[in-house]
Peer 1: 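I am attaching a structure below and will ask some questions about it afterwards.
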Amino acid sequence: LILSYLVTTPIYCVNFLLSKKFGRPLVVKVAGKGGMAKIDHYTTGAGVGTLWILKIFENGYFDFISYATGLTNISFRDFAIVNFVGGIPSTLLYYFILTKSPNFLTSMVLIQVMAGILIAVSIFINHLRRKG
């Protein structure tokens with residue numbers, strides 16, 4: 001898990017920078033038109049607060065989110081802080097699940113269930129944010 005965190009986190013920064021430099025055409029090539037619709041949904045009115053929610057609750061999808069964030073006015077500094085610090089809670093959660101599960105299959109099922117719960121929480125928070 002630590003190795004995965006240390007490899008993927010800097011790559012998300014690269015995705016962000018590529019998106020900032022090459023813009024929407026690159027993101028469409030990477031995410032496809034359907035993925036672009038989801039990206040547009042996430043980035044509409046997005047700010048650093050939304051980025052924190054997405055990093056903590058939807059870390060599994062952060063590769064696409066990192067490209068999407070590059071299309072916003074969020075600075076690289078803010079992105080990097082959220083990216084590096086926000087990945088710690090999910091890494092710790094995965095560690096806890098992997099070490100407390102009776103076997104690997106159970107841990108993978110629990111991680112997927114937890115991801116679903118976190119995504120549902122993220123959608124709920126995002127919905128509240130848009131209403132307020």
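Just so we're clear, the structure is a prediction, and the values are computed from it rather than from any experiment.
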Peer 1: Which of these, F16, Y12, F84, W52, sits in a ring pair (Phe, Tyr, Trp, His ring centres under 6.0 Å) with F79?
Peer 2: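 By the ring pair (Phe, Tyr, Trp, His ring centres under 6.0 Å) criterion, F79 pairs with just one of F16, Y12, F84, W52: F16.
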Peer 1: S4: what forms a side-chain hydrogen bond (donor to acceptor under 3.5 Å, both in side chains) with it, not counting sequence neighbours?
Peer 2: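 Here no residue qualifies.
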Peer 1: Looking at OH of Y5 and OG1 of T8, how far apart are the two atoms once the value is rounded to the nearest 0.5 Å?
Peer 2: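 The distance works out to 8.5 Å.
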Peer 1: For I74, does its backbone N or O pair with a side-chain atom of T72 as donor and acceptor, under 3.5 Å?
Peer 2: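 Yes, T72 side chain to I74 backbone: donor-acceptor pair under 3.5 Å.
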Peer 1: Following the transitive rule for hydrophobic clusters with a side-chain heavy-atom cut-off under 4.5 Å over Ile, Leu, Val, Met, Phe, Trp and Tyr, establish whether L3 and V14 coincide in one cluster.
Peer 2: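 No, L3 does not connect to V14 through the hydrophobic network.
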Peer 1: Looking only at heavy atoms, what is the nearest atom pair of L26 and S19, with distance?
Peer 2: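 Heavy atoms of L26 and S19 come nearest at CD2-N, 4.2 Å.
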Peer 1: Could you tell me the separation between the OG1 atom of T69 and the CZ atom of F76, rounded to the nearest 0.5 Å?
Peer 2: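 Here the rounded value is 12.0 Å.
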Peer 1: How far apart are the C-alpha atoms of L51 and D78, what are their side-chain angles, what is the distance that settles it, and do they pass the side chain to side chain contact (heavy atoms under 4.5 Å, CB included) test?
Peer 2: CA-CA 9 Å; L51 187 60; D78 288 341; 6.0 Å; no
Peer 1: Can you tell me how far the CD1 atom of I97 sits from the CE atom of M114, to the nearest 0.5 Å?
Peer 2: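 The distance works out to 5.0 Å.
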Peer 1: Find the distance between CG (L110) and OG (S101) and round it off to the nearest 0.5 Å.
Peer 2: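 Nearest 0.5 Å value for the CG-OG distance: 4.5 Å.
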Peer 1: What distance separates I11 CD1 from L18 CG, expressed to the nearest 0.5 Å?
Peer 2: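 The CG atom of L18 is 9.5 Å from CD1 of I11, to the nearest 0.5 Å.
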Peer 1: Give the cluster check for F96 versus V113: same hydrophobic cluster or not, with ILVMFWY residues linked at side-chain heavy-atom distances below 4.5 Å.
Peer 2: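 In one cluster: no.
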Peer 1: Could you give me the CA-CA distance, side-chain angles and deciding distance for Y67 and N15, then say whether side-chain hydrogen bond (donor to acceptor under 3.5 Å, both in side chains) is met?
Peer 2: CA-CA 5 Å; Y67 282 109; N15 293 351; 3.3 Å; yes
Peer 1: Do the side chain of T106 and the main chain of P102 share a donor and acceptor less than 3.5 angstrom apart?
Peer 2: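 Not confirmed, T106 side chain does not pair with P102 backbone.
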Peer 1: Is there a continuous path of hydrophobic side-chain contacts, each under 4.5 Å between heavy atoms, that joins F104 to Y94?
Peer 2: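 Yes, same cluster.
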Peer 1: Treating Ile, Leu, Val, Met, Phe, Trp and Tyr as nodes and any side-chain heavy-atom pair under 4.5 angstrom as an edge, say whether V30 and F22 lie in one connected cluster.
Peer 2: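 Yes; F22 is reachable from V30 via cluster members.
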Peer 1: Just how far is it from atom OH of Y95 to atom CD1 of I2, taken to the nearest 0.5 Å?
Peer 2: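 If I round to the nearest 0.5 Å, the distance is 8.5 Å.
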Peer 1: Report yes if some heavy atom in the side chain of Q112 is under 4.5 Å from a heavy atom in the side chain of I117; otherwise report no.
Peer 2: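 The answer is no, as the side chains (C-beta and beyond) never meet within the 4.5 Å cut-off.
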Peer 1: Under a single-linkage definition using a 4.5 Å side-chain heavy-atom cutoff for Ile, Leu, Val, Met, Phe, Trp and Tyr, are L98 and I88 assigned to the same hydrophobic cluster?
Peer 2: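 Different clusters.
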Peer 1: Would you say that N83 contacts S66 through its side chain, given a criterion of any heavy-atom pair below 4.5 Å between the two side chains?
Peer 2: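 No, every pair of side-chain atoms sits at 4.5 Å or beyond.
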